[in-house]
Amino acid sequence: MTRTALVTGGTRGIGAAISIALKDAGYKVAANYAGNEEAAARFRGETGIAVYKWSVADYEACTEGIRQVEAALGPVDILVNNAGITRDAMFHKMTPQQWREVIDTNLTGLFNMTHPLWPGMRERKFGRIINISSINGQKGQAGQANYSAAKAGDIGFTKALAQEGARAGITVNVVCPGYVATDMVMAVPEPVREKIIAQIPVGRLGEASEIARCVLFLASDEAGFITGSTLTANGGQYLT
Ligand SMILES: NC(=O)c1ccc[n+]([C@@H]2O[C@H](COP(=O)([O-])OP(=O)(O)OC[C@H]3O[C@@H](n4cnc5c(N)ncnc54)[C@H](OP(=O)(O)O)[C@@H]3O)[C@@H](O)[C@H]2O)c1
């Protein structure tokens with residue numbers, strides 16, 4: 001049976017690498033994105049993977065987007081909650097809007113995407129939910145109170161839902177990447193990036209494909225005994 005995977009934020013960076021790895025492994029794949037049409041069109045052209053535009057921060061849009069994906073590809077068996085944004089600022093300068101945007105996308109987005117898919121996974125007695133959190137959800141990061149709170153929330157969400165899904169054959173796991181060479185990290189000024197790299201024991205940024213391999217492992221039928229776990233991939237930067 002060919003399983004269907006849906007990857008949020010699946011057209012760029014880590015999400016794109018995840019979409020491609022899943023496709024190469026034989027899954028049917030749908031990649032969601034928020035608004036960067038150029039990147040989505042390029043990704044679709046290069047990979048042949050179907051792309052779907054909606055915001056994970058909008059519950060109704062998620063429900064409708066999932067309906068379209070399932071009409072085209074069949075029931076979603078594997079959900080990768082990867083979409084994420086940063087709106088960094090020291091807390092005394094952080095605006096309510098910066099707080100809300102990050103919480104709405106990086107935390108509530110997981111509810112918005114998982115909730116509509118959950119009943120079908122329960123009925124079919126199979127599901128793989130893989131959430132992409134962050135090293136900064138594990139250790140906290142100055143300038144990212146919003147991001148760290150959301151990403152720590154992703155870990156709690158994973159652990160709670162894993163307990164609910166276990167009897168229904170649904171596993172829920174979370175991957176915590178360290179710093180990975182994507183647009184998100186390349187947007188950080190170079191001197192700051194150099195300082196970050198100096199703190200990574202393996203001496204380099206991660207590759208998006210290295211995070212994709214973690215997801216591929218957790219998505220497989222054979223990973224059914226692994227649920228509620230936090231898989232850390234950060235080059236040794238933070239050991240939990
Ligand atoms: N890069 C790192 O070092 C790092 C480290 C730890 C964790 N992470 C996490 O890994 C995930 C991917 O990061 P990345 O570096 O690959 O990011 P990225 O290169 O900035 O790509 C982000 C992707 O998410 C999509 N997206 C953003 N907001 C969305 C929304 N509201 N609805 C739907 N899609 C949305 C974007 O769509 P558009 O293309 O349309 O904008 C894009 O496809 C994020 O959750 C991030 O927090 C990244």
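In what follows, every heavy atom counts, from backbone to side chain, and hydrogens, waters and symmetry copies are set aside. Whatever order the structure lists them in is the order used to number ligands and atoms, beginning at 1.
- For atom 7 (C) of ligand 1, the closest non-hydrogen atom of the protein is S133 O, 3.1 Å.
- Hydrophobic clustering, defined by side-chain heavy atoms of Ile, Leu, Val, Met, Phe, Trp and Tyr closer than 4.5 Å, leaves M90 isolated from every other such residue.
- The local environment of CD in E38 is sparse, with at most 12 non-hydrogen atoms from other residues, nucleotides or ligands closer than 6.0 Å.
- Scanning all protein heavy atoms for the shortest distance to atom 32 (N) of ligand 1 gives V56 N, 2.9 Å.
- The protein atom (non-hydrogen) at minimum distance from atom 3 (O) of ligand 1 is V180 N, 2.7 Å.
- Looking at D104, its side chain never comes within 3.5 Å of a backbone N or O of A57 through a donor-acceptor pair.
- Listed by number with element, the atoms of ligand 1 under 4.0 Å from a non-hydrogen atom of T105 are 28 (N), 31 (N).
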Item to complete: Please report the C-alpha distance between V175 and F217 in whole Å, then the side-chain angles of each, then the deciding distance to 0.1 Å, and finally whether the side chain to side chain contact (heavy atoms under 4.5 Å, CB included) criterion is met.
Response: CA-CA 11 Å; V175 177; F217 167 64; over 6 Å; no
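- In the vicinity of N36, heavy-atom distances shorter than 4.0 Å reach the ligand 1 atoms 38 (P), 39 (O), 40 (O), 41 (O).
- Annotation: Y33 places no N or O atom under 3.5 Å from an N or O atom of ligand 1; distance criterion only.
- Atom CZ of R193 sits in a crowded spot, with more than 12 heavy atoms from other residues, nucleotides or ligands closer than 6.0 Å.
- Annotation for ligand 1: atoms under 4.0 Å from non-hydrogen atoms of G13 are 16 (O), 19 (O).
- Given atom 1 (N) of ligand 1, the protein heavy atom at minimum distance is T182 OG1, 3.0 Å.
- Between N82 and ligand 1, at least one N/O pair is under 3.5 Å apart.
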Worksheet entry | Test log, rule side chain to side chain contact (heavy atoms under 4.5 Å, CB included), inputs S148 and N136 | CA-CA 5 Å; S148 297; N136 291 342; 4.1 Å; yes
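- The residue from V80, I132, V7, N81 that puts a heavy atom closest to atom 10 (O) of ligand 1 is I132.
- When non-hydrogen atoms are compared, ligand 1 lies under 4.0 Å from the side chain of Y147 (C-beta onward) but not from its backbone.
- The one candidate from T182, N82, D183 that meets the side chain to side chain donor-acceptor pair (under 3.5 Å) condition with R12 is D183.
- Under a 4.0 Å criterion applied to the non-hydrogen atoms of Y179, ligand 1 contributes the atoms 3 (O).
- By the 3.5 Å distance cut-off applied to N or O atoms, A34 is counted among the residues near ligand 1.
- Below 4.0 Å from some heavy atom of V185 lie the following atoms of ligand 1, by number and element: 1 (N), 2 (C), 3 (O).
- Among residues two or more places apart in sequence or in another chain, the salt bridge (Lys or Arg N to Asp or Glu O under 4.0 Å) test is passed with R67 by E64.
- Neither side chain, T11 nor N36, offers a donor N or O lying under 3.5 Å from an acceptor on the other.
- With hydrogens and angles ignored, the 3.5 Å screen pairs a side-chain donor or acceptor of N112 with a backbone N or O of V56.
- Proximity annotation for atom 33 (C) of ligand 1: of N32, I14, T8, N32 comes nearest, heavy atoms only.
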Practice prompt. Assess whether side-chain hydrogen bond (donor to acceptor under 3.5 Å, both in side chains) is satisfied between S229 and N173, documenting all intermediate values.
Written response: CA-CA 5 Å; S229 76; N173 292 289; 2.9 Å; yes
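- Counting only heavy atoms from C-beta outward, the side chains of K53 and E37 approach each other to under 4.5 Å.
- Nearest protein heavy-atom contact of atom 24 (O) of ligand 1 is G9 CA, 3.3 Å.
- No heavy atom of A39 sits closer than 4.0 Å to any atom of ligand 1.
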Worksheet item: Given the rule in the side chain to side chain contact (heavy atoms under 4.5 Å, CB included) test, do D77 and R124 qualify, once you have shown the distances and angles that lead to the verdict?
Response: CA-CA 9 Å; D77 304 299; R124 294 188 298 278; 4.2 Å; yes
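- Taking atom 22 (C) of ligand 1 as the reference point, the nearest protein heavy-atom neighbour is G84 O, 4.0 Å.
- The G35 neighbourhood of ligand 1 comprises atoms 40 (O), with distances under 4.0 Å to a heavy atom of that residue.
- Annotation: cation-pi geometry not satisfied between R44 and Y33 (NZ/CZ under 6.0 angstrom from ring centroid, within 45° of ring axis).
- Within the structure, the closest approach of G178 to ligand 1 falls below 4.0 Å when heavy atoms are considered.
- Residue contact check for ligand 1: A16 places no non-hydrogen atom closer than 4.0 Å to it.
- The protein atom (non-hydrogen) at minimum distance from atom 39 (O) of ligand 1 is R12 NE, 2.7 Å.
- Here is the list of ligand 1 atoms found below 4.0 Å of a heavy atom in W54: 32 (N), 33 (C).
- Remark: K139 NZ is packed, more than 12 non-hydrogen atoms of other residues, nucleotides or ligands lying under 6.0 Å away.
- Atom 28 (N) of ligand 1 has its closest protein heavy atom at I85 CG2, 3.5 Å.
- Residue contacts with ligand 1 leave out K53, since none of its heavy atoms falls under 4.0 Å from the ligand.
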